[in-house]
Student: 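Shown below is the structure under consideration.
None of these values were measured; they are calculated from a predicted model. Sequence lines set the chain letters: A, B, ... in the order given, protein chains first and strands last, and positions in each chain run from 1. These numbers come from the heavy atoms of this one structure, side chains and all, not from hydrogens, waters or symmetry mates.
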Number of protein chains: 2
Amino acid sequence: MDASVLVDPSPEAACEAVAAGIEAGEVVSVFGRCAVEYEGRASSTLGPGDRLLLLKPDGTALVHTEEGHQPVNWQPPGCDHAVAVEDGDLAVHSTRTTPEEELDVRFAAVAQVSRYAATDDSELALEGTEADLKRRVLDDPALVEAGFEPRATERETPAGAVDVYGVDADGNTVVVELKRRRVGPDAVGQLARYVEALRRDSHEGASVRGVLVAPSVTDRARELLAERGLEFVAVEPTA
Amino acid sequence: MDASVLVDPSPEAACEAVAAGIEAGEVVSVFGRCAVEYEGRASSTLGPGDRLLLLKPDGTALVHTEEGHQPVNWQPPGCDHAVAVEDGDLAVHSTRTTPEEELDVRFAAVAQVSRYAATDDSELALEGTEADLKRRVLDDPALVEAGFEPRATERETPAGAVDVYGVDADGNTVVVELKRRRVGPDAVGQLARYVEALRRDSHEGASVRGVLVAPSVTDRARELLAERGLEFVAVEPTA
DNA sequence: TAATACATATCGCGC
DNA sequence: GCGCGATGTGTATTA
């Protein structure tokens, strides 16, 4: 771990530091008054304001204002960053292809440039995901209903892959859609697509049930389930 | 715009700077070797590594590693940040309620603490959104088809609000779902929900057509549209 | 590379 | 505050 910083640098000094940081594979931050333009999947313009620009060695660029979780502008990993002094301003230019996208951050004034040499060997261990919910259901299929027998996961249908595919005590096919959190109408639509696809493909007489497994459901989603003859079972992603 | 920085501070000096920055309503960044724990909607643990912590005056916290667009851990706006020295480590603690969530970032070593006083009066001007596509369609309904007449936007149905609601040259009801980008199966499910809801509510004889308006469609989505008797029209969000 | 679905999604709007 | 849907969504996985 190593870090260096320039305070109130000239545009030329800032440019040199940013270029050196990128070259060295460091994380570079620039704080100053800037304007931002973006063009690609959409296009945007942002007038002057004080923001923090982060450049990562994987080609990520983030422009953060003083509020919000989301950066006001950004470039995803894999971009090429370039830096130059243009008309006395520090100009950072980030581009990529597929899709063609371009981000321009132009600093009229730079207050601080930092370079961070970061090494990080740890991986995030996350619990409470849909994968955890699936594990719970496969470990104890009775959470869905007594007699439920899982037969496959990620089983393919013409409408997409079903989370858990199995049979009930009466031999009916059961399609289970898992959600780690409270579900709305979108999840009902998803389950309905899978059920309809399997009914379409199935031989006559074989009935297909659809079960949404999630911690809870909104009123509207519950109505949509009822209209389509689908079911809901409350299960939390973790015990 | 004003900024200050501490290099290789003691835990106590770092703590004081972070606390002062938060108190002053500034953006605060801390770079150093840290471990992170999160508990709330899910839970996670992250072992030691070099990362950049951003604390914003609106109560946002972001932990960024040297790669990726997304922070490895975070807290959304509205949280309360607290900082302390614990067993010689700089500990930053961020909490919120509804839902109850808690983020702990514990620095074994701090390389840099920066304070940024940011003012930003500009708003992002974004083009190429779904709102732009809607404007296009309302300005020139023939983009959907000759004779199409919009009658309402955001019209409510039991399944949710329809983007554009209108009638065709033959007097049939037309439901238009707009997407700013290439659409997949999820958009077909959404359109199908609206169409089904309106058919259910409508008097006999009145037919309801569903049209997906987007730049393009995936193969699977096209098949699903065909199976459900729904239509697709290619339109870009901007001319 | 494209497609499909998850995500501690976040964000904004309406009720 | 909850519900609902858009997002330049990003991200992983799979074909």
Student: Please determine whether salt bridge (charged side-chain N to carboxylate O under 4.0 Å, His left out) holds for the pair A:D219 and A:R222, giving the CA-CA distance in whole Å, both sets of side-chain angles, and the decisive distance to 0.1 Å.
Tutor: CA-CA 5 Å; A:D219 288 347; A:R222 195 182 285 279; 5.3 Å; no
Student: Output all residues satisfying side-chain contact (heavy atoms from CB on, under 4.5 Å) with A:A226, sequence neighbours left out; order by chain, then residue number.
Tutor: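 For A:A226, no residue satisfies side-chain contact (heavy atoms from CB on, under 4.5 Å) once neighbours in sequence are set aside.
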Student: A quick test of your reading: do over 12 heavy atoms of other residues, nucleotides or ligands sit less than 6.0 Å from CD of A:E123?
Tutor: no
Student: Below 4.0 Å from chain B heavy atoms, what is the first contacting nucleotide of DNA chain C and what is the last?
Tutor: C:dA3 to C:dC11
Student: Hey, is the main chain of A:T60 close enough, under 3.5 Å, to the side chain of A:D58 for a donor-acceptor pair?
Tutor: yes
Student: Return each pair, listed once, that meets salt bridge (Lys or Arg N to Asp or Glu O under 4.0 Å) where at least one residue sits in residues 226-239 of chain A; pairs must be two or more places apart or across chains.
Tutor: A:R209-A:E231, A:E227-B:R200, A:R228-B:E196
Student: Is there a donor-acceptor pair under 3.5 Å between the side chain of A:R106 and the backbone N or O of A:E37?
Tutor: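 Looks like no, no N/O pair under 3.5 Å.
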Student: Within the 4.0 Å limit for protein heavy atoms, which parts of nucleotides 5-15 of chain D are touched? Write it as a string from 5' to 3', B for base, S for sugar-phosphate only, - for none.
Tutor: SSSBBSS----
Student: Can you give the dot-bracket line for DNA chain D, using ( ) for pairs inside the strand, [ ] for pairs that cross earlier ones, | for pairs with another strand and . for unpaired bases, where Watson-Crick and G-U count if both distances are under 3.5 Å?
Tutor: |||||||.|||||||
Student: Only distances under 3.5 Å count here; give the side-chain donor-acceptor pairs of residues 67-76 of chain B to other protein atoms, sequence neighbours excluded, each with its distance to 0.1 Å.
Tutor:
from, atom 1, to, atom 2, distance (Å)
B:N73, ND2, B:S44, OG, 3.0
B:Q75, NE2, B:S94, O, 2.9

Student: For A:D50 and B:T119, which I'm curious about, is there any donor-acceptor pair between the side chains at under 3.5 Å?
Tutor: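 The answer is yes; a qualifying pair exists.
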Student: Can you check side-chain hydrogen bond (donor to acceptor under 3.5 Å, both in side chains) on A:Y116 and B:E66, steps first, answer last?
Tutor: CA-CA 9 Å; A:Y116 306 116; B:E66 82 291 350; over 6 Å; no
Student: Taking all atoms of both residues into account, what is the closest heavy-atom pair of A:V235 and A:L143, and its distance?
Tutor: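 Heavy atoms of A:V235 and A:L143 come nearest at CG2-O, 4.0 Å.
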Student: Rounding to the closest angstrom, what is the interatomic distance between C:dT8 and C:dT4 at atom P?
Tutor: 23 Å
Student: For the C1' atoms, the ones on D:dT7 and on D:dT11, what distance do you get once it is rounded to whole angstrom?
Tutor: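 D:dT7 and D:dT11 have their C1' atoms separated by 15 Å.
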